[in-house]
Amino acid sequence: MIDVKNITKSFGSLQVLKGIDLHIDRGEVVSIVGPSGAGKTTLLQIIGTLDRPDTGSVCVDGIDTTRLSQKALSDFRNRHLGFVFQFHQLLPEFTAIENIMIPAFIAGKSTAQAKERAQELLQFMGLSDRASHKPAELSGGEKQRIAVARALMNNPAVILADEPSGSLDTHNKQELHQLFFDLRDRFGQTFVIVTHDEQLATLTDRTIHMRDGLLQSPTEPTPPTEP
């Protein structure tokens, strides 16, 4: 599903990533943890095509994204990737359902198609009764669930999340963490989550540790033990 090979990235004289090799299977829920400055967010942004590596390749669903033009990259990102950030980044002037529909409009889908999909996601999130509410009228947990629904709008193969529960209280954190696994089971997405939340990291299928721009733990899934 995701193959990262020999990724390096520098900003000026500072080398942030120093040769990353990583494979993530389809349907895995993977957490990336490490101290601030380890390179976690930079790696996530490169996997998500929001930034380009200095060297190496990133293949997502069989497509080498480092070879795509900017226009092809934008289209690929819209159709194949979904993003969830620490702060929901909903547009305040739009309602919940309108925020969810935005990626569908970018992809050229009709209003009818976008609305049907958005209503399905709202129902799955348990937020059908909040469809016409604007972000200022939603709780923190509700806003983040709307942001997750927006990420799922075009049924992407991969969801990339950067500290998704960092701004939530304990109850909403637990609900959001469970939601990721429910979504994987329902829609089959692969999740890559950068987090400082140890509870979330222990729940994921695999935890990848980073320090000083390098991976610090085995990165291949452990084969199942024969009974």
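Linking ILVMFWY side-chain heavy atoms closer than 4.5 Å, directly or via other members, places V58 and I63 in a single hydrophobic cluster. Linking ILVMFWY residues whenever their side-chain heavy atoms come closer than 4.5 Å, directly or via other members, leaves L17 and L214 in distinct clusters.
Under the 3.5 Å distance criterion, the side-chain polar atoms of Q144 are matched with a main-chain donor or acceptor of P164. Under the 3.5 Å distance criterion, the side-chain polar atoms of R184 are left unmatched by any main-chain donor or acceptor of Q189. At distances below 3.5 Å, not a single donor-acceptor pair connects side-chain atoms of S10 with backbone N or O atoms of S13. Under the 3.5 Å distance criterion, the side-chain polar atoms of N99 are left unmatched by any main-chain donor or acceptor of A147. No donor-acceptor distance shorter than 3.5 angstrom exists from the side chain of T66 to the backbone of S57, with no hydrogens or angles considered. With hydrogens and angles disregarded, no donor-acceptor distance shorter than 3.5 Å links the side chain of K40 to the backbone of T195. D61 places no side-chain N or O within donor-acceptor distance of the main-chain N or O of M1, the cut-off being under 3.5 Å. Not a single donor-acceptor pair under 3.5 Å links the side chain of E28 to the backbone N or O of D205.
Legend: residues meeting salt bridge (charged side-chain N to carboxylate O under 4.0 Å, His left out) with R77, ordered by chain and number and at least two apart, are absent. D162 pairs by the side-chain contact (heavy atoms from CB on, under 4.5 Å) definition with T41, L44, V194, not counting sequence neighbours.
Counting side-chain heavy-atom gaps under 4.5 Å among Ile, Leu, Val, Met, Phe, Trp and Tyr, the cluster of F94 also holds L91, I102, I106.
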Take K134 and E137, measure what side chain to side chain contact (heavy atoms under 4.5 Å, CB included) needs, and give me the verdict at the end.
CA-CA 5 Å; K134 292 185 177 180; E137 302 170 303; 3.9 Å; yes
Please assess R130 against E142 for the test salt bridge (charged side-chain N to carboxylate O under 4.0 Å, His left out), listing each intermediate value before the final yes or no.
CA-CA 9 Å; R130 311 296 277 169; E142 288 171 339; 3.3 Å; yes
Determine whether L152 and M125 satisfy the following criterion, side chain to side chain contact (heavy atoms under 4.5 Å, CB included), listing intermediate values before the conclusion.
CA-CA 11 Å; L152 290 163; M125 300 290 174; 3.9 Å; yes
With side chain to side chain contact (heavy atoms under 4.5 Å, CB included) as the test, would you mind laying out the steps for R150 and Q89 before giving the verdict?
CA-CA 11 Å; R150 179 183 58 191; Q89 296 188 352; 4.3 Å; yes
Evaluate the criterion salt bridge (charged side-chain N to carboxylate O under 4.0 Å, His left out) for residue pair K71 and D75; output intermediate values, then yes/no.
CA-CA 6 Å; K71 184 178 185 303; D75 183 66; over 6 Å; no
Which is it for R67 and L73 under the side chain to side chain contact (heavy atoms under 4.5 Å, CB included) test, yes or no, and what are the steps along the way?
CA-CA 9 Å; R67 295 181 178 271; L73 203 57; over 6 Å; no
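With rounding to the nearest 0.5 angstrom, the CG atom of L14 is 11.5 Å from the NZ atom of K9. Atom CD1 of I208 is separated from atom CD1 of I24 by 5.0 Å, given to the nearest 0.5 angstrom. For the atom pair CD (Q45) and CZ (F83), the distance works out to 9.0 Å, reported to the nearest 0.5 Å. Atom CG in D54 sits 11.0 Å away from atom CG in N6 (nearest 0.5 Å). Remark: I146 CD1 to I100 CD1 distance equals 4.0 Å, nearest 0.5 Å. In this structure, CG on L203 lies 9.5 Å from CD on Q174, to the nearest 0.5 angstrom.
In this structure, the side chains of K109 and R117 stay at 4.5 Å or more apart for every pair of heavy atoms. Proximity of Q119 to S128: side-chain heavy atoms (C-beta onward) are nowhere separated by under 4.5 Å. The shortest distance between side-chain heavy atoms of L43 and I20 falls below 4.5 Å. Residues P103 and N78 have side chains in contact (heavy-atom distance under 4.5 Å, counting atoms from C-beta outward). In this structure the side chain of H209 never reaches within 4.5 angstrom of the side chain of L215, judged on heavy atoms. Side-chain atoms of M101 and I97, non-hydrogen and from C-beta on, do get closer than 4.5 Å to each other.
Pairs passing the ring-ring contact (aromatic ring centres under 6.0 Å, His included) check and including a residue from residues 38-68, sequence neighbours excluded, do not occur. The stretch residues 107-166 participates, sequence neighbours left out, in these ring-ring contact (aromatic ring centres under 6.0 Å, His included) pairs: F124-F187.
The residue from I159, N154, V192, V158 that alone fulfils the side-chain contact (heavy atoms from CB on, under 4.5 Å) condition with L81 is V158.
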Tell me which donor-acceptor pairs under 3.5 Å the side chains of residues 29-39 have, and how far apart each pair is, sequence neighbours excluded?
from	atom 1	to	atom 2	distance (Å)
S31	OG	T204	OG1	2.9
S31	OG	T207	OG1	3.2

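The number of heavy-atom neighbours closer than 6.0 Å to CD of E120, taken from other residues, nucleotides and ligands shown, is above 12. Around CZ of R52, the count of heavy atoms belonging to other residues, nucleotides or ligands within 6.0 Å exceeds 12. Atom CZ of R211 sits in a sparse spot, with 12 or fewer heavy atoms from other residues, nucleotides or ligands closer than 6.0 Å. Counting heavy atoms of neighbouring residues, nucleotides and ligands inside a 6.0 Å radius, atom CD of Q123 does not exceed 12 of them.
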